[in-house]
Amino acid sequence: MRLDKFLCDMGEGTRSQVKQKIRKGCVTVDGQAARKPELSVTSENRICVDGRSVSYVKLEYYMLNKPAGVLSATRDPDQPTVLSLIRDKRRKDLFPAGRLDKDTEGLLLITNDGVLAHSLLSPKKHVDKRYYAKVAGVVTEEHVRLFAGGLDLGDEKPALPAVLEIQKAGKVSHVFVTLREGRYHQVKRMFQAVGCEVLYLKRLSMGSLCLDESLKPGEYRSLTPEEIENLKDNSQNQENHKC
């Protein structure tokens, strides 16, 4: 590919900024100054910008423990986004695979692998998303039955059956919810439909990918090769793992 595209893809600046760096002699290819933006390069070339090595990465995968108060978006003029938390990203085309509400915490996959993201998010793939919630109101076995039957959320069709597990019932109930779709504010709307209110919500897993509990809110890490492979197998085979 062209040298300027290579550097743009790796987040070294806009096309015009990168061209300026190249023409100023700030970029070397295999130890030689490269002054032509159109120079053809590959991942095998040793490319440096201001003496700093820049290697090409086609796909990136990050596990983020999303904190409350941050938008699941690539950019926003006024509010912090999940992309702003990934400080050492190399690709400029990363995006959150699925969204969590602003006040919802937990697992969020940040990647530029559109094929994998589509497979994980498509309702037809039936990939489980598991949440922990604190709910105002006593959650009972009747609620478990209603969730399993598919609740009417006021949309064109009822929600798919969901698994509701009661951890602790009381004035504030602690529960786990497993969904196989991702409608707008779905967990909150499901509890509203049965007369309860979600006070706290955290996503624990998506398919085979489980939140690394060592990550504090706002922290992230790259996925391991095994986690990436399991996610791809998960999205293809529609087999889910409980964390």
Side-chain angles (χ1 to χ4, degrees), residues 11 57 59-135 153-155 159-160 162 175-192 197-224 227-228 230-232 234-235 240 243:
V57 175
L59 297 171
E60 287 191 286
Y61 306 85
Y62 295 98
M63 175 193 299
L64 170 69
N65 185 356
K66 178 192 170 298
V70 178
L71 298 180
S72 295
T74 55
R75 62 179 62 88
D76 187 272
D78 303 312
Q79 302 181 69
T81 71
V82 292
L83 261 294
S84 68
L85 299 175
I86 311 297
R87 294 175 297 279
D88 55 355
K89 56 184 177 292
R90 296 164 70 182
R91 299 286 312 194
K92 65 177 182 179
D93 55 353
L94 297 177
F95 59 89
R99 295 179 179 272
L100 293 177
D101 297 340
K102 183 178 178 180
D103 59 348
T104 299
E105 300 181 2
L107 175 66
L108 194 60
L109 172 64
I110 308 292
T111 185
N112 62 327
D113 189 338
V115 174
L116 176 61
H118 175 75
S119 296
L120 291 172
L121 300 173
S122 172
K124 295 180 180 178
K125 292 291 185 177
H126 290 238
V127 175
D128 287 351
K129 291 88 176 174
R130 193 164 188 255
Y131 298 81
Y132 165 73
K134 295 179 183 177
V135 180
L153 301 181
D155 295 336
L160 292 175
V175 301
F176 295 102
V177 182
T178 302
L179 309 176
R180 287 189 165 182
E181 55 185 342
R183 301 190 191 184
Y184 181 70
H185 292 324
Q186 183 167 347
V187 175
K188 296 175 181 178
R189 291 166 65 199
M190 292 175 76
F191 278 105
Q192 287 174 353
E197 178 187 2
V198 173
L199 303 175
Y200 173 81
L201 187 62
K202 179 179 181 179
R203 182 156 66 191
L204 303 176
S205 67
M206 175 186 292
S208 62
L209 186 63
C210 300
L211 179 64
D212 186 336
E213 292 296 341
S214 70
L215 295 175
K216 298 176 182 178
E219 293 184 341
Y220 65 95
R221 66 166 174 79
S222 296
L223 264 61
T224 66
E227 286 171 333
I228 296 169
N230 286 340
L231 267 182
K232 291 180 177 179
N234 190 188
S235 64
N240 294 286
C243 300

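For this chain, numbers begin at 1 and follow the sequence in order.
The shortest non-hydrogen separation linking V127 to L120 is CB-O, 3.6 Å. L201 and A133 get closest at one heavy-atom pair: CD1-CB, 3.8 Å. Annotation for L153 and Q186: closest pair CD1-CG, 4.2 Å, computed over non-hydrogen atoms. The nearest pair of heavy atoms linking G218 to P67 is N-CD, 3.7 Å. What you find for M190 and L179 is that their closest heavy atoms are SD-CD2, 3.6 Å.
Residue pairs meeting the ring-ring contact (aromatic ring centres under 6.0 Å, His included) criterion with at least one member in residues 202-224, sequence neighbours excluded, are Y62-Y220.
Summarising the geometry, atom OG belonging to S84 is positioned 7.5 Å from atom NZ belonging to K89; distances are rounded to the nearest 0.5 Å. In this structure, L94 CG and L83 CG are separated by 6.0 Å, a value rounded to the nearest 0.5 Å. For the atom pair H126 NE2 and E181 CD, the distance stands at 9.0 Å (nearest 0.5 Å). Separating the CG atom in D113 from the CZ atom in F95 is a distance of 7.0 Å, to the nearest 0.5 Å. Put simply, OH on Y61 and CG on L209 are 12.0 Å apart, with the number rounded to the nearest 0.5 Å. In this structure, CG on N112 lies 4.5 Å from CG on D93, to the nearest 0.5 angstrom.
Side-chain atoms of R189 never come within 3.5 Å of backbone atoms of V187 as a donor-acceptor pair (strictly under, hydrogens ignored). With hydrogens and angles ignored, the 3.5 Å screen pairs no side-chain donor or acceptor of S122 with any backbone N or O of H118. In terms of modelled atom types and a separation under 3.5 Å, the side chain of S72 and the main chain of L100 share a donor-acceptor contact. Side chain of K66 to main chain of T104: a donor-acceptor pair is present (N/O by atom type, distance under 3.5 Å, no hydrogens or angles). Between the side chain of N65 and the backbone N or O of L215, at least one donor-acceptor pair lies under 3.5 Å. Looking only at distances, a side-chain donor or acceptor of R203 sits under 3.5 Å from a matching main-chain atom of L107. A donor-acceptor pair is defined here as one N or O able to donate and one able to accept, closer than 3.5 Å; such a pair exists between the side chain of T111 and the backbone of E60.
Residues forming a side-chain hydrogen bond (donor to acceptor under 3.5 Å, both in side chains) with K188 (at least two apart in sequence, or on another chain): D101, D103. Annotation: side-chain hydrogen bond (donor to acceptor under 3.5 Å, both in side chains) contacts of R221 (sequence neighbours excluded): D212, E227.
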Problem - Verdict with supporting geometry, Q79 and K102, side chain to side chain contact (heavy atoms under 4.5 Å, CB included) - result: CA-CA 10 Å; Q79 302 181 69; K102 183 178 178 180; 2.4 Å; yes
Handout entry: Worked verdict on E213 versus K202 for salt bridge (Lys or Arg N to Asp or Glu O under 4.0 Å)
Key = CA-CA 12 Å; E213 292 296 341; K202 179 179 181 179; 3.7 Å; yes
Problem - Verdict with reasoning, L116 to L59, per side chain to side chain contact (heavy atoms under 4.5 Å, CB included) - result: CA-CA 11 Å; L116 176 61; L59 297 171; over 6 Å; no
